[in-house]
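Below: one structure, written as C-alpha cells.
The basis for the numbers below is simple: all heavy atoms, side chains too, and nothing from hydrogens, waters or symmetry mates. In what follows, every chain begins at residue 1, and chains take the letters A, B, ... in the order their sequences are listed.
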There are 4 protein chains.
Amino acid sequence: MSEDTPEEPKPRRRQARGERRIAQLLSAAASVFCTNGYTATSTNAIAREAHVSPGTLYQYFPNKEAIAVELGGRLLDEMRAAHGQAFTPENLTLPLPELLDVVVDPMIEFNCENPVFLALMHGSEVPGRIAEEHDALHASLLTSVQGVIAHYAPALTAEERSRIADMTFAIFKGGLGLVLAAPAGAERDATVAELKRVLLRYLSPLAEGSVTTTPTR
Amino acid sequence: MSEDTPEEPKPRRRQARGERRIAQLLSAAASVFCTNGYTATSTNAIAREAHVSPGTLYQYFPNKEAIAVELGGRLLDEMRAAHGQAFTPENLTLPLPELLDVVVDPMIEFNCENPVFLALMHGSEVPGRIAEEHDALHASLLTSVQGVIAHYAPALTAEERSRIADMTFAIFKGGLGLVLAAPAGAERDATVAELKRVLLRYLSPLAEGSVTTTPTR
Amino acid sequence: MSEDTPEEPKPRRRQARGERRIAQLLSAAASVFCTNGYTATSTNAIAREAHVSPGTLYQYFPNKEAIAVELGGRLLDEMRAAHGQAFTPENLTLPLPELLDVVVDPMIEFNCENPVFLALMHGSEVPGRIAEEHDALHASLLTSVQGVIAHYAPALTAEERSRIADMTFAIFKGGLGLVLAAPAGAERDATVAELKRVLLRYLSPLAEGSVTTTPTR
Amino acid sequence: MSEDTPEEPKPRRRQARGERRIAQLLSAAASVFCTNGYTATSTNAIAREAHVSPGTLYQYFPNKEAIAVELGGRLLDEMRAAHGQAFTPENLTLPLPELLDVVVDPMIEFNCENPVFLALMHGSEVPGRIAEEHDALHASLLTSVQGVIAHYAPALTAEERSRIADMTFAIFKGGLGLVLAAPAGAERDATVAELKRVLLRYLSPLAEGSVTTTPTR
DNA sequence: GATGAATGAGGATTCATTCAT
DNA sequence: TATGAATGAATCCTCATTCAT
C-alpha cells in the first residue's frame, strides 16, 4: 500500500517462512508415509511429526491428498534435477550396459534416499482417488523410458513401445522394492546388479540391427 | 434318535449355512479389497457388500485381518489345486519356454479371475503388521519359484538362487499388475506375452552350459 | 384335551426339564455375576457358561434383569429355608450374644456358599432399574431385622426402629463383604467374630434397662 | 517479544480452557457415574452430559477408566484439603466422641457434596480391573483410619489393627450409604448420629484400660 | 424345545477438518 | 499466522434380543 522497498522484505520473509513450513510438513509426511503407508497415515500424525499443530498443516494444504500430491511433485522435480541429465543425447548413444548404469544408478540412489517415492507409487493402490494425481508422476517417468526405447528401437510401433516401456517400468519398480528391502551394503549392491541384469537381458534384443527373430514358443 | 445318517443333516445344514456365509463374506471382502485396497477397507463396508449386518461378520471373523488371512489362505489353496500340477517333475524337464507357458498361463488366468490376490500382496504395503500373515502366502509362492530355479541352475549358491527367485517373483508381480490393468482381449494377451518374454530372457541364461547369447526379439 | 392320566407325565417331564434348565441357567448366571458383576455380565456369557444357546436362555427368561430377579428370589427362599428358623420365638428370647450366633452364623455360611447374593445387592448400584426388584429382597431381610429389634427394644418409635434396622443391615452387609474377601480359614473366622462384636456392641445397649458393661477386648 | 509477562497469558488461557474442560468433563462424569454406576456409564453419555463431543472427551482422557481415576484422585485431594486437618496431633488426644465428631462430620459433609465418591468405591464392584486404581483411594483412606486406631489402642497386633480398621471403614461406608439415601434434613442428621453411635460403641472399648460403660440410649 | 445364526443399535475410539483465539 | 481445542462422522466391535430351522 505504500513503497516498494520497505514492503518487499515482509512478503519474502513470509514466503520464506511458508516454504520452510511446507518443507517441514512434507518431510514429516514423507517419514510417516514410509512408516505407515499413505492410507494409514493421519494428518494429525504428520503435524505431530512436523512439530506443528494440525491447524497449521491445514493452512498450507487443503487435505491429506494434497500433501501426497505436492510431495510427489517435488520429489519428481528433485529427481529430474538430480539425474535428468541421464537422458542427454550423448548418453543415448552409449551401449545399453553403460546406459543402464547411467540411468539406473542415480535413480536407485535417489530412491534409497527418498523411499517415500516408492511408497507414493504403491499408494496408488487404490485406483481412482489419489491415483489421478500420482499418475502424473507415473506418466512423467514413463515418458522418459519411452524416449529411451524409441531411440534404441525406432522401428517399434507405438503400442509395442508403450508396452515395453510399461514393462520396463514395472520391472524397475519391482526391483526397486527388492533393493529398498535389502540391507544397504553388499546385499543391496547385488540386488541392484541383478536388476540391471534383468533389464539388460530384456532390452538388449531391442537394439537395432538385431535380427529380431522372436523366439518361437 | 438311533441311526447316524438321519442325524447328520442338521449339523451339515448348520455347517453349510455357516460355510455359505463365510464364502459370501470372503467374496464381498475380495470385492471391496480390490476396490479400495486392504487398508482403506472397513469391516462395515464388507458386511454391507455381503448384505449382512456387522454383527454377523464378527460371528465368523474376529477382525479385518482374519478376513484377509482366510481369504489369502483359500486363494492359495485354490491356486495350488488349480495349477499345482504345473510343477510336476515332467514339467520341470520341459525347455524353458514351454515351462513358462505351463507355469505362467494358469497363474495369470487365476489372478485374472481373482484379482484380490494381487491386492492382498500389495496390502503388505505397511511392512511388519498384517504382512506377517500375508508373507506366508508370499513365502509359499517364492518357495515354488526357488524350486524351479534350483532345478534349472543347480550350481547356484543359495543366495544367488534366493535373489533370482525374488527378482523373478517381483517381475511376475509387476507384470501381473500390467496384465490386470490391460483390458481383457488382445491387449491383455500381448501383455502376457511380453511378461513371458521378460522371464524367458532373464532366466534362459541360467540354463547350465548355456552359451548365454540372449535371444533376440 | 383328553384324559388326565396319560397326559400328565409329559408336562411333568417338560416341567422337570424346564426346571433343570432354569437351575442350570441360574447357576451359570450366579457364577458369571460373581466374576464380572451384574452390569458387565452379558446374556451370551451366561448362556455359554450354562452350555446352552442364547436362544434357549431367552426361552426361559425374557431378559437379563429377569435372570437376576429370579436368582435373587430363589436365593432368598433358600436362605429362608436354610435358616428361617433362626427367628423362632424361642431364639428371640436368647441373650443377644447367643442370638447373634444363631442369626449371623447361618447367614454368613449361606453367603459364603452363595456369594452372588452380595453381588446382587451391590448390583443395586444403579438405583431405579433392577433395584426395584432387588429391593423386594432387601426389604424382606430388613423386615426380619426389624422384628428382632422390635422384640429387643419394644419402646422404640417406628422411625428409630427402622433406622436401627437399616444400620444393622448396613453393618452386616459391610462386614459380609469383608468376610467374603477374607481367605476361608482363621482369617475369615476372625472377621466373622469381629462383625459379631460390632453388632453386639451396637445393639446390646438397646436392651431395655440394660446396664451393659461392654466386654473389653 | 521481549518481556515475560505479556507472553504468559496465552499459555495460561489455553491451560485455563483445558482445565475448565477437564473440570466440566469430570463433573459430568461424576453426575453420570452417580446416576448409572461406573460400569453402566458410557463415555458418550459423559460427553453428552458435558455438552461436548465425544472427540473432545478423548482429547483429555484416553478412556473411561482414566476419567474415574482422575476423578477419584481429585476428590481424594479435595477431601484431604478439606478435612485433612482432622487427624492433627491435637485431635488425636480428644476423647473418642469428640474425635468422631471431628473426623466423621466433615467426611460426611464432603460425601454429601460429592456423592460420586461412594459410587467410585462401589465401582470396585468387579474385583481386579479398575479396582487397582480405585484401591489406591481405598488404601489411602484405610491408612488414616489405621493411624487413629494405632493411637487409641497401641497394644493391638498389626492384624487386629488392620481388621478393626477394615471393619471401621466398612461400617463407615455402609453408614454413608444410608446417610446419602436419607433426605437431607432431620432424617439425614439422625442417620449421621446413628452412624457415630455405632462407631463409638464399636471403638470405645478399644481405649486401653477403659472401663467403658456404654451409654444407654 | 433347542439351536445358533442374524440383527442392529450402541459403545469406545479415531481422525479429517474447522474455528476461536 | 499459529495454535490446539472442538467437532462429528465413521471405525471397530459387542451384546441384548429375535428368528428360521
Side-chain angles (χ1 to χ4, degrees), chain A residues 13-14 17-18 21 39-48 51-67, chain B residues 9-11 13-18 20-22 40-47 50-65, chain C residues 10 13-14 17-18 21 39-48 51-67, chain D residues 9-11 13-18 20-22 39-48 50-65 67:
Chain A
R13 254 182 222 156
R14 285 222 176 119
R17 192 146 53 121
R21 272 283 127 92
T39 316
T41 293
S42 79
T43 53
N44 284 352
I46 296 174
R48 211 179 308 125
H51 304 292
V52 146
S53 72
T56 299
L57 184 153
Y58 278 89
Q59 216 134 33
Y60 292 99
F61 298 99
N63 53 44
K64 189 165 74 156
E65 189 180 330
I67 300 175
Chain B
K10 268 188 180 177
R13 255 179 222 157
R14 290 262 155 76
Q15 280 187 346
R17 185 144 58 123
R20 243 178 289 135
R21 269 288 120 91
I22 290 180
T41 293
S42 79
T43 54
N44 282 359
I46 297 174
H51 304 293
V52 145
S53 71
T56 296
L57 184 153
Y58 280 92
Q59 211 145 31
Y60 295 99
F61 299 100
N63 51 46
K64 190 168 66 157
E65 188 179 332
Chain C
K10 270 186 180 176
R13 255 182 222 156
R14 287 220 176 118
R17 194 147 49 123
R21 273 283 127 92
T39 317
T41 293
S42 78
T43 54
N44 284 353
I46 296 174
R48 211 178 308 123
H51 304 293
V52 146
S53 71
T56 299
L57 184 153
Y58 278 89
Q59 217 135 31
Y60 293 98
F61 298 100
N63 53 45
K64 190 164 73 155
E65 188 180 331
I67 301 175
Chain D
K10 269 188 181 177
R13 253 180 223 157
R14 291 264 154 76
Q15 279 186 346
R17 186 145 57 123
R20 243 179 287 133
R21 269 288 121 92
I22 289 179
T39 317
T41 293
S42 79
T43 53
N44 283 357
I46 296 174
R48 213 177 306 125
H51 303 293
V52 146
S53 72
T56 296
L57 184 152
Y58 280 90
Q59 211 144 31
Y60 295 99
F61 299 100
N63 51 46
K64 190 168 67 158
E65 188 179 333
I67 300 176

Given [options], identify the nucleotide with an atom nearest to the side chain of [X].
X	options	answer
D:Tyr60	F:dA5, F:dC12, F:dA2	F:dA5
D:Val52	F:dT7, E:dT13, E:dA16	F:dT7
A:Ser42	E:dT3, E:dC15, F:dC13	E:dC15
D:Asn44	E:dA12, E:dA2, F:dA16	E:dA12
C:Gln59	E:dG1, E:dT17, F:dC13	E:dG1

Practice task
Assign A:Thr56 to base, sugar-phosphate, or nothing according to its heavy-atom contacts below 4.0 angstrom with the strands shown.
Solution key: base

Exercise for the section: Just call it for C:Phe61: base, sugar-phosphate, or nothing, with non-hydrogen atoms closer than 4.0 Å on any strand. Expected result: nothing

Handout entry: Side chain proximity check, B:Asn44 to B:Leu57, heavy atoms < 4.5 angstrom
Key = no

Handout entry: Side-chain N,O (C:Ser53) to OP1/OP2 (E:dA2) below 4.0 Å
Key = no

Handout entry: Under 4.0 angstrom between B:Arg20 side-chain N/O and E:dA5 OP1 or OP2
Key = no

Handout entry: Base paired to E:dA12 (Watson-Crick or G-U; both N/O distances under 3.5 angstrom)
Key = F:dT11

Fill in the blank from the handout: By the Watson-Crick or G-U definition, both distances under 3.5 Å, E:dT21 is matched with F:dA2

